[in-house]
Amino acid sequence: MRYAILGDIHANLHALEAVLEDARALGCTEFHLLGDVVGYGAFPSECVTIASELPGSCVMGNHDQAASGEMSLDVLSEVARISLQWTRERLSPEHRAWLGALRPQRQIRRTTFVHATLDSPLAWGYVREAAHAEMSMALQRTPLCFIGHTHVPQAFAKGIGQVLLFDEEEQGIRLSRTTKYLINAGAVGQPRDGDPRAAYMIHDEEEEGLWLRRIDYNIEAAASAILEAGLPQKLAVRLRTGS
Ligand code: ZN
C-alpha cells in the first residue's frame, strides 16, 4: 500500500489538483488528509468536495472546526477571522456538517493522523521542537504519526529529537522499524518554510519508504483568486513567498 499524506490544503484548489496528479502518477491509492482543508484560500467548496470523495481519511483542523461553526471566530487572528467568515458563507450546510463531523485523530493500520498534536488534539498546540514532539509521542500508540498545523515539514524520532529525513535532492528515505516517528508532512496549500511549492508526503508501507514531494503549481492563479474574492492581500502574498 502506497498512500499520500496531505496537510493544510487551505482551500487552495490549484495546489491540491497538482498534488493529486503527482500522487496518482506515483501509484498512491489512498489519501490521508491532516486537516485545515479550508480557510485562507478562495476555493473552500471545491476542496471540501474533493476531500470528501477521496479514498482515505481526513482529521479535523482548527480552520475546519471554525468553518463548520463549531468554534467561535473571536480567538483567531484578524486575517483568519476574515477568511473564515467568508468561508462559512460560501460552504453549503452539507459541507459545514462534513467538516464538523471530522474526528480529531485517526489510526489507519500502523499509522496515526492528527492535525496538531496527540496531547490535547483540539487545543491546537504547535509542535516545533523536540520537547513538544516528545509530549505528543508519549501518547503515540503506532510507530508512525503524521501531523500538520505549522505548515513546515519536520521529523522527530522518539528519544533522539529532530532528524533530517530528506536531502536537497528530495530523495526518499527508509524508516527504521524500531524507531517511533512524529512527522510533519508540510502544507499543500500554504507552505511556510520559504519554499512556495506545494508540499506533501508519500509513504510506502511495504518498503517503509517515505518521500517529501515539492510540486510546482499555478501560484499566480491561486493568489489572483484570493484578491478577486476580496480576501486580505497578505494571503495572496504569502503564497508567492512560501512564508
Ligand atoms: Zn493550517
Side-chain angles (χ1 to χ4, degrees), residues 1-9 19 23 26 28 30-36 56-65 102-188 190-195 198-214:
M1 169 68 68
R2 179 175 279 204
Y3 64 84
I5 307 103
L6 277 56
D8 294 271
I9 293 163
V19 160
L26 291 171
C28 292
E30 276 184 10
F31 303 84
H32 297 291
L33 278 49
L34 298 169
D36 279 6
S57 68
C58 183
V59 292
M60 180 183 274
N62 48 320
H63 285 252
D64 307 320
Q65 187 185 40
L102 293 172
R103 286 194 249 157
Q105 66 188 71
R106 296 286 298 263
Q107 185 182 326
I108 312 283
R109 298 181 295 275
R110 298 172 67 240
T111 305
T112 306
F113 301 89
V114 65
H115 181 64
T117 165
L118 288 174
D119 49 309
S120 59
L122 294 179
W124 314 117
Y126 289 91
V127 173
R128 303 183 202 277
E129 297 160 15
H132 301 148
E134 288 294 336
M135 286 164 68
S136 185
M137 283 190 281
L139 296 167
Q140 186 177 322
R141 302 280 168 256
T142 56
L144 194 54
C145 176
F146 288 102
I147 59 172
H149 199 38
T150 66
H151 300 205
V152 175
Q154 257 183 318
F156 300 91
K158 188 162 173 50
I160 297 171
Q162 189 168 350
V163 289
L164 286 176
L165 290 183
F166 308 98
D167 58 27
E168 287 191 350
E169 281 78 48
E170 295 170 17
Q171 298 298 309
I173 55 104
R174 190 145 297 177
L175 296 169
S176 158
R177 288 185 190 268
T178 55
T179 305
K180 190 181 271 189
Y181 294 99
L182 180 68
I183 297 176
N184 190 313
V188 170
Q190 198 197 73
R192 294 181 190 163
D193 62 342
D195 184 341
Y200 82 101
M201 288 187 183
I202 293 176
H203 180 214
D204 188 304
E205 289 177 318
E206 280 73 43
E207 295 177 21
E208 284 295 355
L210 185 72
W211 295 266
L212 170 64
R213 303 281 301 160
R214 298 307 294 246

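Numbering of residues begins at 1 and proceeds along the displayed sequence. Just so you know, these numbers use all the heavy atoms, side chains as well, and skip hydrogens, waters and symmetry mates. What you are looking at is a predicted structure, and each value in this text was computed from that prediction instead of being measured.
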Please round to the nearest 0.5 Å and tell me the distance separating atom [atom1] of [X] and atom [atom2] of [Y].
X    : Y    : atom1 : atom2 : answer
E129 : F156 : CD    : CZ    : 8.0 Å
L175 : E205 : CG    : CD    : 11.0 Å
I5   : L212 : CD1   : CG    : 10.0 Å
L210 : I202 : CG    : CD1   : 9.0 Å
Q162 : I160 : CD    : CD1   : 12.5 Å
M135 : L182 : CE    : CG    : 12.0 Å

Can you confirm whether [X] sits close enough to [Y] that some side-chain heavy atom of one is under 4.5 Å from a side-chain heavy atom of the other?
X    : Y    : result
S136 : D119 : yes
Q190 : D36  : no
T117 : I147 : no
I108 : H32  : yes
C28  : R2   : yes

Minimal non-hydrogen separation, [X] against [Y], with atom names:
X    : Y    : result
L122 : P104 : CD2-CB, 3.9 Å
P191 : A198 : CG-CA, 4.3 Å
L34  : G148 : CD1-N, 4.1 Å
H132 : V127 : CB-CA, 3.9 Å
R174 : E207 : NE-O, 3.3 Å
I183 : L144 : CD1-CD1, 3.7 Å

CZ (R109) with more than 12 external heavy atoms under 6.0 Å: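 Yes, the 6.0 Å shell around CZ holds more than 12 heavy atoms from other groups.
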
Donor-acceptor under 3.5 Å (R213 side chain, A23 main chain):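 Not confirmed, R213 side chain does not pair with A23 backbone.
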
Heavy-atom donor-acceptor pair, Q154 side chain to R128 backbone, under 3.5 Å: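 Judged by distance alone, yes, a pair lies under 3.5 Å.
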
Aromatic plane relationship, F146 with Y3 - under 30° parallel, 30 to 60° tilted, over 60° perpendicular: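 Perpendicular, since the angle between the ring planes exceeds 60°.
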
In terms of side-chain geometry, is the basic nitrogen of [X] or [Y] positioned less than 4.0 Å from the acidic oxygen of its partner?
X    : Y    : result
E208 : R177 : yes
E134 : K158 : yes
D193 : R214 : yes

Y126 ring center near H149 ring center (under 6.0 Å):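 So the answer is yes for these two rings.
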
Test log, rule side chain to side chain donor-acceptor pair (under 3.5 Å), inputs H115 and Q105: CA-CA 7 Å; H115 181 64; Q105 66 188 71; over 6 Å; no

Residue pair F113, L33: steps toward the side-chain contact (heavy atoms from CB on, under 4.5 Å) verdict: CA-CA 8 Å; F113 301 89; L33 278 49; over 6 Å; no

